[in-house]
**Q** 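Sharing a structure below in structure tokens format, with a few things to ask.
Below, each value reflects all heavy atoms present in this structure, side chains not excepted, and no hydrogens, waters or symmetry copies.
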Amino acid sequence: MSSVRFAKVTKSYGGASPAVCDLTASIDEGELVVLVGPSGSGKSTALRMLAGLETPTAGELFIGDARVNDLPPAKRDVAMVFQDYALFPHMTARNNMAFGLKMQGTPRAEIASRVERAASLLGIAELLDRKPQQLSGGEQQRVALGRAIVRRPAVFLLDEPLANLDAQLRAGMRAELAELQRELAATMLYVTHDQVEAMTLGHRLVLLDRGVVQQIGPPMEVYRRP
Ligand code: ADP
Ligand code: ADP
């Protein structure tokens, strides 16, 4: 596990105002911080910079003690979970989960045991031989989470991971995610525009509006404000 720090980070795509403006925030080891705010407020951009999918225009990004501004995505000890799951359609759940570890050259036996363990943690042990189209949305999301978990990253980045699920499933997965985070003592940065998700999952929230931090604090504090 690692801490994460944004130090005066700005990202401009060249538009009139930057997507993220002078963001300073930190996430402690084992903490789940939720980035919340309306659509277009810069949440995804903040996450994508940490993953290395976007480069900051100014400022510094740290994972643990390492400055990662110039580190390629593959060298960053992070795993990202996307809203649309981004599973490989032609691969089984097992192979989807194993793929990243195979690329890293992890020994086969180690891969198998990590995949089994993650699958049982997520309640999908019976579904490992199915392909994504044979799985429900909630099951696909579990596979996507499993793919992140098996890598044992220092930091988990989740971009609206529950947004495509129906309301009932979303509520169930929310509780499961909270439990998973505790069990793994994982450092997580979680993006959502859903206030209920932010309130129930976040140890602390970072409220963004048009790229600018409005408030950082525990959920009750952030949402108490008129
Ligand atoms: P959020 O995740 O809060 O919806 P985003 O980070 O996706 O916000 O977007 C923040 C702002 O940056 C928006 O105005 C969006 O249109 C713009 N933006 C995001 N990605 C790009 C991109 N690749 N090119 C140009 N503008 C972008
Ligand atoms: P989210 O649902 O997370 O807010 P979006 O739907 O805004 O994400 O963006 C999806 C993808 O499109 C992202 O890769 C983002 O960088 C890109 N994007 C968002 N806004 C723009 C934009 N104005 N111009 C170009 N690309 C954009």
**Q** Keeping T10 on the side-chain end and A58 on the backbone end, is there a donor-acceptor pair under 3.5 Å?
**A** no

**Q** State plainly whether the residues E31 and R204 are in salt-bridge range, i.e. N to O under 4.0 Å.
**A** yes

**Q** Report yes if some heavy atom in the side chain of L205 is under 4.5 Å from a heavy atom in the side chain of V33; otherwise report no.
**A** no

**Q** Start with the C-alpha gap between I111 and K102, add the side-chain angles, then the distance that decides, and say whether side-chain contact (heavy atoms from CB on, under 4.5 Å) holds.
**A** CA-CA 8 Å; I111 295 177; K102 276 188 190 154; 3.7 Å; yes

**Q** Evaluate the side-chain contact (heavy atoms from CB on, under 4.5 Å) criterion for residues R114 and M97: first the C-alpha distance (whole Å), next the side-chain angles of each, then the deciding distance (0.1 Å), finally the verdict.
**A** CA-CA 9 Å; R114 286 200 204 180; M97 286 167 67; over 6 Å; no

**Q** Counting only heavy atoms not in E126, do more than 12 sit closer than 6.0 Å to its CD atom?
**A** no

**Q** For the hydrophobic clusters of this structure (ILVMFWY residues joined by side-chain heavy atoms under 4.5 Å, transitively), does one cluster hold both V196 and L165?
**A** no

**Q** Is a side-chain N or O of R76 found less than 3.5 angstrom from the main chain of V68, in a donor-acceptor match?
**A** yes

**Q** So which heavy atom on Y85 is nearest to which on P161, and how close?
**A** CE2-O, 4.2 Å

**Q** Would you say the side chain of L35 lies within less than 4.5 Å of the side chain of L207, judging by non-hydrogen atoms?
**A** no

**Q** Shared ILVMFWY cluster between I27 and M1, side chains joined below 4.5 angstrom?
**A** no

**Q** Is there a chain of hydrophobic side chains (I, L, V, M, F, W, Y, each step under 4.5 Å between heavy atoms) that links L184 to V143?
**A** yes

**Q** Taking only Lys NZ, Arg NE, NH1 and NH2, and the carboxylate oxygens of Asp or Glu, determine whether E179 and R174 approach each other closer than 4.0 Å.
**A** no

**Q** To the nearest 0.5 Å, what is the distance between OG on S3 and CD1 on I63?
**A** 9.5 Å

**Q** Do any N or O atoms from the side chain of T106 and from the backbone of L101 form a donor-acceptor pair under 3.5 angstrom?
**A** yes

**Q** Keeping R147 on the side-chain end and F99 on the backbone end, is there a donor-acceptor pair under 3.5 Å?
**A** no

**Q** Identify the two heavy atoms, one from L177 and one from L145, that lie closest to each other, and give their separation to 0.1 Å.
**A** CD2-CD2, 3.9 Å

**Q** Do R94 and E116 have side chains that get closer than 4.5 Å, going by heavy atoms?
**A** yes

**Q** Looking only at non-hydrogen atoms, find the nearest pair between P73 and G52 and report the distance.
**A** CG-O, 3.4 Å

**Q** Using modelled atom types and a 3.5 Å cut-off, is there a donor and acceptor pairing between side-chain atoms of Q140 and backbone atoms of L135?
**A** yes

**Q** If we count only N and O atoms by modelled type, under 3.5 Å, do the side chains of S44 and D159 hold a donor and an acceptor together?
**A** yes

**Q** Test your reading of the model: is there a side-chain donor-acceptor pair from R130 to the backbone of T92, 3.5 Å cut-off?
**A** no

**Q** Looking at NE2 of H193 and OG of S39, how far apart are the two atoms once the value is rounded to the nearest 0.5 Å?
**A** 7.5 Å

**Q** Look at atom NE2 of H203 and say whether more than 12 heavy atoms of other residues, nucleotides or ligands are closer to it than 6.0 Å.
**A** yes

**Q** Flag this pair as yes if the NZ/CZ of K11 is under 6.0 angstrom from the six-membered ring centre of Y13 and inside a 45 degree cone about the axis; otherwise no.
**A** yes

**Q** Under 4.5 Å between any side-chain heavy atoms of L50 and V4, yes or no?
**A** yes

**Q** So how far is it from L61 CG to K8 NZ, rounded to the nearest 0.5 Å?
**A** 14.0 Å

**Q** I need the L121 CG to E176 CD distance, nearest 0.5 Å.
**A** 9.5 Å

**Q** Would you indicate whether the side-chain heavy atoms of S2 and T187 approach each other to under 4.5 Å?
**A** no

**Q** Taking D77 for its side chain and G64 for its backbone only, find out whether a donor-acceptor pair lies under 3.5 Å.
**A** no

**Q** Counting only N and O atoms by type, is there a donor-acceptor contact under 3.5 Å from the side chain of E139 to the main-chain atoms of S136?
**A** yes

**Q** Taking the six-membered ring of F62, is the NZ or CZ of R5 close enough (under 6.0 Å from the centre) and on axis enough (within 45°)?
**A** yes

**Q** Heavy atoms only: give me the nearest P56-V9 pair and the separation to one decimal.
**A** CB-CG1, 4.0 Å

**Q** Any donor and acceptor pair, going by atom type alone, linking the side chain of T192 with main-chain N or O of E197 inside 3.5 Å?
**A** no

**Q** Side-chain heavy atoms nearer than 4.5 Å, only ILVMFWY residues, links allowed to pass through others: does that put M91 and L87 together?
**A** no

**Q** Treating Q168 as the side-chain partner and D166 as the backbone partner, does any N or O pair qualify as donor plus acceptor under 3.5 Å?
**A** no

**Q** For E60, is there an ion pair with R67 - N to carboxylate O distance below 4.0 angstrom?
**A** yes

**Q** For the pair L189 and L47, evaluate side-chain contact (heavy atoms from CB on, under 4.5 Å) and give the outcome as yes or no after the intermediate values.
**A** CA-CA 8 Å; L189 191 51; L47 210 64; 3.7 Å; yes

**Q** Kindly indicate whether the side chain of L158, heavy atoms from C-beta on, has any atom under 4.5 Å from the side chain of M80.
**A** no

**Q** Checking side-chain contact (heavy atoms from CB on, under 4.5 Å) for the pair V206/V213: CA distance, chi angles, key distance, verdict?
**A** CA-CA 7 Å; V206 176; V213 171; 4.1 Å; yes

**Q** Work out which heavy atom in T24 is nearest to a heavy atom in I216; give both atom names and the distance.
**A** O-CD1, 3.7 Å

**Q** If we ignore angles and hydrogens, is there a donor and acceptor under 3.5 Å between the side chains of E160 and Y190?
**A** no

**Q** Hey, could you give me the OH/CD distance between Y223 and Q215, rounded to the nearest 0.5 Å?
**A** 10.0 Å

**Q** Report whether L127 and F88 are members of the same hydrophobic cluster (ILVMFWY, side-chain heavy atoms less than 4.5 Å apart, transitive linking).
**A** no

**Q** If you compare all heavy atoms of A198 against all heavy atoms of P219, which two are closest, and at what distance to 0.1 Å?
**A** O-CG, 4.3 Å

